[in-house]
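Read through the structure below, which is laid out as structure tokens, and then see the notes.
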Amino acid sequence: RLVESLAWVRELLDGVKLTGDEDLRMVAHMAAVVCYFWHGDLLEARRHGDAIEARYDRLRHGHIVGLTNHDPLTITGIYASHWLWILGYPMQALQTCEAKDAHALHVGHWFDIGFTQTLGQWVHEYLEDIPRLDRRLAGAVQLGIDQGLPFFTHLQGPYCQILLAPHREDPRPAIAAANSVLSLYESLCGRIAAPYIEIILELRKQPRGRDRGRALQFGGTNKRVVRP
């Protein structure tokens, strides 16, 4: 429902024009970051991310995470780490990932931290730093256990851990388990990131290396990415 989601973003932004409400403004930009990213318009997603970064003030906007489970600056950092990599800035992507992690810990909202420790860690897979990715995802699963957030223990954590399956010493059991997790996640949350996950699993059958045909435009966005 990507096309429909952009209509909702426009409706939120129109509401900001009518009301001038600052909370609504930040939430509208957050929605735009997410929807334009998955739509493949990375530059438009970045434009809304830049708007969040320009306006964000911890005292003024820190309560939004309590309303939405996502801090505006955290969500921007999560998606920025992806679009910076896709647009050809791997070191900036890594720096953004690390800055976003520090910010989320400072905010101190457990769901926000869990989200940054899952979807926000994929840059380590792109950089093939699998040990770091493994530690971060294991931490997210443990966070779910410790804080009573089963979404991370049973769904988001195991889903992102599929990225690790091809790197196991014997990947066959891990890949078999990954297919089960993938089916569960899709039944509850949809397929928006599934093409990339499926590509990672398929690449286990092909030679390793940086030229292994990585579809780093996330499968669902790879035909629509708007580049500068």
Side-chain angles (χ1 to χ4, degrees), residues 12 16 21-38 42 45-87 89-127 129-161 163-164 189 193:
L12 284 169
V16 174
D21 185 86
E22 184 64 16
D23 288 358
L24 182 60
R25 185 188 308 276
M26 295 300 277
V27 171
H29 284 310
M30 288 168 62
V33 163
V34 175
C35 293
Y36 280 111
F37 174 83
W38 290 113
L42 305 185
R46 185 171 67 178
R47 186 177 75 82
H48 288 280
D50 289 346
I52 289 174
E53 291 180 350
R55 299 185 69 91
Y56 184 88
D57 178 85
R58 181 72 179 89
L59 294 177
R60 191 179 185 190
H61 302 114
H63 66 283
I64 291 175
V65 69
L67 302 173
T68 66
N69 283 329
H70 297 290
D71 177 81
L73 203 57
T74 301
I75 206 74
T76 298
I78 288 172
Y79 284 94
S81 68
H82 293 292
W83 71 56
L84 284 166
W85 173 273
I86 294 169
L87 293 171
Y89 305 100
M91 290 302 99
Q92 289 186 33
L94 179 59
Q95 291 164 4
T96 297
C97 177
E98 292 174 342
K100 165 265 302 169
D101 289 349
H103 173 74
L105 289 173
H106 180 68
V107 171
H109 187 282
W110 290 118
F111 191 94
D112 191 58
I113 293 171
F115 210 69
T116 194
Q117 292 296 306
T118 48
L119 183 61
Q121 301 301 316
W122 287 29
V123 69
H124 300 304
E125 197 280 327
Y126 304 159
L127 290 168
D129 188 349
I130 304 306
R132 181 180 292 190
L133 177 65
D134 196 357
R135 290 193 301 271
R136 298 291 172 82
L137 296 179
V141 171
Q142 188 62 47
L143 179 149
I145 295 171
D146 294 342
Q147 302 303 323
L149 294 171
F151 175 73
F152 295 109
T153 306
H154 302 298
L155 201 62
Q156 184 80 348
Y159 181 72
C160 292
Q161 285 176 323
L163 297 172
L164 302 170
C189 303

Kindly determine whether Gln121 and Lys100 satisfy side chain to side chain contact (heavy atoms under 4.5 Å, CB included), including the steps that lead there.
CA-CA 10 Å; Gln121 301 301 316; Lys100 165 265 302 169; 3.5 Å; yes
Does the side chain of Arg46 reach to within under 4.5 Å of the side chain of Tyr36, using non-hydrogen atoms?
no
Got a donor-acceptor contact below 3.5 angstrom from the His61 side chain to the Asp57 backbone?
yes
Would you mind writing out the side-chain donor-acceptor pairs for residues 138-152 within the sub-3.5 Å range, not counting sequence neighbours?
from, atom 1, to, atom 2, distance (Å)
Gln142, NE2, Asp146, OD1, 2.9
Gln147, OE1, Trp110, NE1, 3.1

Which label fits Tyr159 and Trp122: parallel for a plane angle under 30°, tilted from 30 to 60°, or perpendicular past 60°?
tilted
Shortest non-hydrogen separation from Ala93 to Val123 and the atoms involved:
CB-CG2, 3.9 Å
How far apart are the closest heavy atoms of Ala28 and Val16, and which atoms are they?
CB-CG2, 4.1 Å
Taking C-beta and beyond as the side chain, do Asp101 and Arg136 meet within less than 4.5 Å on heavy atoms?
yes
Given 3.5 Å as the limit, does a donor-acceptor pair link the side chain of Thr116 with the main chain of Ile113, or not?
no
How long is the straight-line distance from CG of Leu164 back to CG of Asp134, given to the nearest 0.5 Å?
5.0 Å
With rounding to the nearest 0.5 angstrom, report the CG to CG distance, Leu163 to Leu137.
7.0 Å
Look at the rings of Trp83 and Phe37 and say which category their plane angle falls in: under 30° parallel, 30 to 60° tilted, over 60° perpendicular.
tilted
Test side chain to side chain contact (heavy atoms under 4.5 Å, CB included) on Leu73 and Arg58; report intermediate values, then the result.
CA-CA 9 Å; Leu73 203 57; Arg58 181 72 179 89; over 6 Å; no
Taking salt bridge (Lys or Arg N to Asp or Glu O under 4.0 Å) as the test, write out the residues that go with Asp129, two or more places apart.
Arg132
Search all heavy atoms of Thr96 against all heavy atoms of Ser81 and return the closest pair with its distance.
CG2-N, 4.1 Å
Validation row: Asn69, Phe115 side chains within 4.5 angstrom (heavy atoms)
no
Look at the side chain of Asp112 and the backbone N and O of Asp71, then say whether any donor-acceptor pair between them is shorter than 3.5 Å.
yes
Find the distance between CD (Gln95) and OH (Tyr89) and round it off to the nearest 0.5 Å.
13.5 Å
So which heavy atom on Gly120 is nearest to which on Cys97, and how close?
O-SG, 3.3 Å
pair Leu94-His124: side-chain heavy atoms closer than 4.5 Å
yes
Between Tyr56 and His103, does a side chain to side chain contact (heavy atoms under 4.5 Å, CB included) hold up when you go through it step by step?
CA-CA 12 Å; Tyr56 184 88; His103 173 74; 3.5 Å; yes
Audit row: Ile64, Met30, side chain to side chain contact (heavy atoms under 4.5 Å, CB included) steps and yes/no:
CA-CA 11 Å; Ile64 291 175; Met30 288 168 62; 4.3 Å; yes
In the structure I gave you, are the side-chain heavy atoms of Asp23 and His63 within less than 4.5 Å of one another anywhere?
yes
Does NE2 belonging to His106 count more than 12 external heavy atoms closer than 6.0 Å?
no
What is the distance from atom OG1 of Thr118 to atom CD of Gln156, rounded to the nearest 0.5 Å?
4.0 Å
Can you tell me how the ring of His82 sits relative to the ring of Tyr126, calling it parallel under 30°, perpendicular over 60° and tilted otherwise?
perpendicular
Is there side-chain contact between Arg47 and Asp50, with at least one heavy-atom pair below 4.5 Å?
no
